[in-house]
Amino acid sequence: DSGVTQTPKHLITATGQRVTLRCSPRSGDLSVYWYQQSLDQGLQFLIQYYNGEERAKGNILERFSAQQFPDLHSELNLSSLELGDSALYFCASSKGGIQPQHFGDGTRLSIL
Amino acid sequence: SQQGEEDPQALSIQEGENATMNCSYKTSINNLQWYRQNSGRGLVHLILIRSNEREKHSGRLRVTLDTSKKSSSLLITASRAADTASYFCATEETSGSRLTFGEGTQLTVNP
């Protein structure tokens with residue numbers, strides 16, 4: 001158990017819809033990272049937050065947004081969903097600095 | 001885009017044999033990490049090697065890093081069926097920043 005909790009585990013929805021993925025980091029970790037894993041793109045970094053502030057952006061679409069709340073949990077919002085958004089979305093957390101990232105079990109998003 | 005390339009893409013061995021996976025990357029890094037992923041599950045951190053280190057051990061794992069060649073290798077000794085998983089290398093360009101993952105090596109250990 002990594003200590004990172006992601007909900008929901010599975011999400012099935014239709015094109016054009018909007019969903020919210022939630023992540024609770026490990027106790028004491030200030031950094032939260034979001035990654036997308038798909039068969040064609042592999043593991044791609046989306047966005048990082050550190051103690052409530054956006055720290056880095058990767059290949060995140062404009063239809064996607066995220067935030068980190070004062071209690072350090074984070075949400076990833078995906079809107080105007082397309083078939084190609086079907087993927088595993090992972091959240092990871094770390095203390096920052098040269099420390100490993102600890103991953104949740106992911107949310108599997110299926111767009112029908 | 002992927003930072004690194006892993007070689008081989010797939011590896012099948014017998015229990016008790018050693019498994020070696022290689023990773024190459026393109027930019028300067030702060031550290032390189034190896035992760036393991038069982039099918040459909042989250043990634044589990046295995047080992048982190050800093051850019052000023054050349055070799056690191058953890059149990060049955062041995063990682064080497066050659067920054068002049070921008071490459072790393074992961075050796076799993078005395079493999080077990082439970083080692084069957086995908087193994088990813090990931091580079092971190094600056095401390096505490098994003099990880100850039102390779103495409104992974106699918107390891108199958110046959111009992």
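Keep in mind that the numbers below use all heavy atoms, side chains included, and drop hydrogens, waters and symmetry copies. In what follows, every chain begins at residue 1, and chains take the letters A, B, ... in the order their sequences are listed.
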Please check if the number of heavy atoms outside B:Q9 that lie under 6.0 Å from its CD is greater than 12.
no
Sort A:Y50 into side chain, backbone, both or neither according to what part of it lies under 4.5 angstrom from a heavy atom of chain B.
neither
Check each atom of B:L48 against the heavy atoms of chain A and say whether the ones under 4.5 Å are side chain, backbone, both or neither.
side chain
CD (A:Q101) and NE2 (B:H45) are apart, to the nearest 0.5 Å, by 9.0 Å
Can you tell me if A:L112 has over 12 outside heavy atoms packed within less than 6.0 Å of its CG?
yes
Answer with side chain, backbone, both or neither: which region of A:Q37 has an atom nearer than 4.5 Å to a non-hydrogen atom of chain B?
side chain
For B:R80, I'd like to know if atom CZ has over 12 heavy atoms of other residues, nucleotides or ligands within 6.0 Å.
no
Using the rule given for side chain to side chain contact (heavy atoms under 4.5 Å, CB included), can you reason through B:L99 versus A:Y33, listing the C-alpha separation, both sets of side-chain angles and the distance that settles it, and then say yes or no?
CA-CA 9 Å; B:L99 292 174; A:Y33 310 79; over 6 Å; no
Sidechain-backbone polar pair: B:R98 side chain, A:K57 backbone, donor-acceptor under 3.5 Å:
yes
Side-chain heavy atoms under 4.5 angstrom apart, residues restricted to Ile, Leu, Val, Met, Phe, Trp, Tyr: same cluster for B:L46 and B:M21?
yes
Taking B:Y35 as the fixed residue, which of A:F103, A:F90, A:Y35 is the one that meets the ring pair (Phe, Tyr, Trp, His ring centres under 6.0 Å) rule?
A:F103
Over 12 foreign heavy atoms within 6.0 Å of CD, A:E53
no
From B:E92 CD over to A:Q99 CD, what is the distance, rounded to the nearest 0.5 angstrom?
9.5 Å
Please say yes or no: joined through hydrophobic side-chain contacts below 4.5 Å, possibly via intermediate residues, are A:L30 and A:I47 part of one cluster?
no
In this structure, CZ of B:R41 is separated from CG of A:L88 (nearest 0.5 Å) by 11.0 Å
Has the side chain of A:Q44 got a donor or acceptor atom that lies under 3.5 Å from a matching backbone atom of B:F101?
no
Verify same cluster id: A:W34, A:L109 (apolar side-chain graph, 4.5 Å)
yes
